[in-house]
Undergrad: 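Before I ask anything, let me first share the structure, which is written out below as structure tokens.
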Amino acid sequence: MTVPDSPRKLIIGVSPRILRQVPRELGFRGKTLQYLEQSVAHWVMALDAVVFMVPTVERESMIRRAHIDIPDIVAALDGLILQGGADIDPSAYGEAPTHTVGAVDALRDRFELDLLRAFAAAGKPVLGICRGMQLINVAFGGTLHQDLRADGATPASHVHAELYDEHKHPLRLDPRTWIGAIYGDTEEGWVNSIHHQGVKALGRGVVAGAWSDDGVIEAIRVESPAFVVGVQWHPEFHDGRDADLLAADPLMQAFLDAAEQARRR
């Protein structure tokens with residue numbers, strides 16, 4: 001008796017954060033670490049997909065970019081998640097940095113821009129979280145507020161160092177948009193807030209779908225056949241500790257559904 005093959009699980013790539021100044025207690029003196037905070041991986045795995053980290057490859061490193069082609073990565077994976085982290089270098093959207101910009105990593109910017117454009121071109125889904133949402137907007141010609149308060153976009157602070165992921169604000173969702181469809185009748189909610197930059201001008205074909213109570217854009221989607229979306233909050237930290245926060249799983253399930261549809265095509 002033969003047992004039919006089970007369809008393989010979806011394989012999702014997650015771009016890493018980069019740590020160049022490694023604390024002495026971790027060892028690795030003079031080395032660079034690339035890492036995932038476990039909440040993103042666990043969030044994906046909890047909905048029955050497999051997670052792989054996609055290491056950023058430096059042109060000057062031992063492994064040259066010629067050895068690892070972006071199309072090879074796209075072909076091997078079913079979707080891409082761009083996680084949070086350092087500020088995006090303003091040169092990526094044609095601006096000079098002001099004193100408000102924090103640490104940047106132009107290498108990570110370039111590699112992730114290459115990745116997300118390639119996934120979008122292949123019709124495979126991309127989910128951007130916080131910095132990842134901002135990078136999607138930049139990839140399609142949009143710009144960012146280098147600092148929301150300094151730019152006059154809002155008098156409210158969207159980041160609180162001591163509260164970190166416990167800092168939150170209300171959210172307004174447009175029911176006519178992709179994220180409104182995901183959450184059904186929910187037009188309002190609460191989300192965490194861990195960012196000081198934000199979308200200024202939307203990129204080509206980029207549409208907003210949710211806003212904070214002070215008008216800062218909190219969710220975007222690129223108008224294309226591919227499911228290229230981003231949220232400004234960190235849904236991976238919406239883990240049930242705070243019942244007021246918008247549920248995370250509907251967003252991840254929509255992303256994985258899009259990955260499954262792309263795989264079938």
Side-chain angles (χ1 to χ4, degrees), residues 9-28 31-58 73 77-89 102-113 115-116 119 125-136 158-169 171 190-198 218-219 229-242 245-256 259:
K9 293 185 177 183
L10 291 167
I11 303 175
I12 304 301
V14 181
S15 64
R17 296 185 181 218
I18 300 177
L19 182 62
R20 300 189 184 279
Q21 303 298 323
V22 180
R24 292 179 61 87
E25 60 268 24
L26 295 183
F28 304 104
K31 305 301 180 185
T32 296
L33 300 186
Q34 300 192 21
Y35 65 99
L36 303 179
E37 198 284 324
Q38 68 177 12
S39 297
V40 173
H42 287 184
W43 182 32
V44 180
M45 294 162 64
L47 293 181
D48 212 28
V50 177
V51 176
F52 284 93
M53 189 179 82
V54 183
T56 299
V57 180
E58 302 189 23
I73 297 173
L77 301 172
D78 298 308
L80 173 69
I81 295 175
L82 302 169
Q83 60 172 339
D87 288 353
I88 296 169
D89 188 339
V104 299
D105 195 315
L107 170 69
R108 181 183 175 189
D109 294 346
R110 290 194 300 269
F111 189 66
E112 289 188 335
L113 284 167
L115 276 178
L116 81 87
F119 271 84
V126 178
L127 170 62
I129 298 170
C130 195
R131 165 199 155 90
M133 184 193 95
Q134 297 167 9
L135 197 74
I136 290 171
H158 280 244
V159 62
H160 191 299
E162 293 183 3
L163 290 176
Y164 191 55
D165 61 327
E166 294 178 357
H167 184 49
K168 63 184 181 180
H169 61 63
L171 185 76
W190 287 78
V191 294
N192 62 33
S193 185
I194 319 172
H195 65 104
H196 79 103
Q197 297 192 317
E218 292 278 333
V229 304
V231 296
Q232 187 60 71
W233 65 94
H234 283 260
E236 73 273 22
F237 297 151
H238 288 200
D239 54 12
R241 289 175 296 158
D242 187 338
L245 296 179
L246 199 66
D249 284 357
L251 175 60
M252 178 54 63
Q253 192 60 62
F255 170 74
L256 294 176

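Owing to the predicted nature of the structure, the values given are computational and were not obtained by experimental measurement. The basis for the numbers below is simple: all heavy atoms, side chains too, and nothing from hydrogens, waters or symmetry mates.
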Undergrad: If I compare all heavy atoms of Glu236 with all of His234, which pair ends up nearest, and what's the gap?
TA: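 Closest approach of Glu236 to His234: OE2-ND1, 2.8 Å.
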
Undergrad: For Pro16 and Pro55, work out which heavy atoms get closest and say how close.
TA: CG-CA, 4.2 Å

Undergrad: Using the benzene-type ring in the case of Trp, are the ring centres of His158 and His169 under 6.0 Å apart?
TA: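 Between His158 and His169, the centre distance is under 6.0 Å.
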
Undergrad: Can you name the nearest heavy-atom pair linking Pro125 to Phe119, along with the distance?
TA: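 Answer, listing the atom of Pro125 first, then Phe119: O-CD2, 4.3 Å.
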
Undergrad: For residues Asn192 and Leu245, report the shortest heavy-atom separation together with the two atoms involved.
TA: N-CD2, 4.0 Å

Undergrad: Let me see the working for Ile88 and Leu135 under side chain to side chain contact (heavy atoms under 4.5 Å, CB included), right down to the final yes or no.
TA: CA-CA 7 Å; Ile88 296 169; Leu135 197 74; 3.7 Å; yes

Undergrad: Treating Gln83 as the side-chain partner and Ser15 as the backbone partner, does any N or O pair qualify as donor plus acceptor under 3.5 Å?
TA: yes

Undergrad: More than 12 heavy atoms of other residues, nucleotides or ligands under 6.0 Å from CD of Glu162: is that the case?
TA: no

Undergrad: Compare all side-chain heavy atoms of Leu171 with those of Trp233 and state whether any distance is below 4.5 angstrom.
TA: yes

Undergrad: Would you mind listing every salt bridge (Lys or Arg N to Asp or Glu O under 4.0 Å) that reaches into residues 36-47, with sequence neighbours excluded?
TA: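 Listed by first then second residue: nothing to list.
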
Undergrad: Using side chain to side chain contact (heavy atoms under 4.5 Å, CB included), reason through Ile18 and Thr32 one step at a time and then give a plain yes or no.
TA: CA-CA 7 Å; Ile18 300 177; Thr32 296; 3.6 Å; yes

Undergrad: Does a side-chain heavy-atom distance below 4.5 Å link Ile12 with Val50?
TA: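 When only atoms from C-beta onward are counted, Val50 and Ile12 do not touch, as no gap falls below 4.5 Å.
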
Undergrad: Closest approach of Ala259 and Asp78, non-hydrogen atoms and distance?
TA: CB-O, 3.6 Å

Undergrad: Check whether any side-chain heavy atom of Glu218 lies under 4.5 Å from a side-chain heavy atom of Val231, and answer yes or no.
TA: no

Undergrad: With side chains defined as the heavy atoms from C-beta onward, is the minimum distance between Val54 and Leu77 less than 4.5 Å?
TA: yes

Undergrad: Please step through side chain to side chain contact (heavy atoms under 4.5 Å, CB included) for the pair Val14 and Phe52, ending with a clear verdict.
TA: CA-CA 6 Å; Val14 181; Phe52 284 93; over 6 Å; no

Undergrad: Can you name the salt bridge (Lys or Arg N to Asp or Glu O under 4.0 Å) partners of Arg131, sequence neighbours left out?
TA: Asp109, Glu112

Undergrad: Can you name the salt bridge (Lys or Arg N to Asp or Glu O under 4.0 Å) partners of Asp105, sequence neighbours left out?
TA: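 Salt bridge (Lys or Arg N to Asp or Glu O under 4.0 Å) check on Asp105 returns Arg20.
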
Undergrad: For the backbone of Thr56 and the side chain of Gln34, can you confirm whether one donor and one acceptor N or O come within less than 3.5 Å of each other?
TA: yes

Undergrad: Are His196 and Asp87 close enough that a side-chain donor and a side-chain acceptor fall under 3.5 Å?
TA: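 Their side chains do contain a donor-acceptor pair, which is all the 3.5 Å distance test asks for.
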
Undergrad: Give me the atom names and distance for the closest heavy-atom approach of Pro235 to Ile129.
TA: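 Result for this residue pair: CD-CG2, 4.1 Å.
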
Undergrad: If we ignore hydrogens and angles and just use 3.5 Å, is the side chain of His238 paired with the main-chain N or O of Leu246 as donor and acceptor?
TA: yes

Undergrad: What pairs with Asp239 under salt bridge (Lys or Arg N to Asp or Glu O under 4.0 Å), at least two apart in sequence or on another chain?
TA: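 For Asp239 the salt bridge (Lys or Arg N to Asp or Glu O under 4.0 Å) partners, ignoring immediate neighbours, are Arg241.
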
Undergrad: Listing request: all salt bridge (Lys or Arg N to Asp or Glu O under 4.0 Å) pairs with a residue in residues 42-57, at least two apart in sequence or in separate chains.
TA: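 For residues 42-57: Lys9-Asp48.
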
Undergrad: Where does the angle between the aromatic ring planes of Phe237 and Tyr164 fall among parallel (under 30°), tilted (30 to 60°) and perpendicular (over 60°)?
TA: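 Ring orientation, 0 to 90° scale: tilted.
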
Undergrad: Who are the side-chain hydrogen bond (donor to acceptor under 3.5 Å, both in side chains) partners of Arg24, not counting sequence neighbours?
TA: none

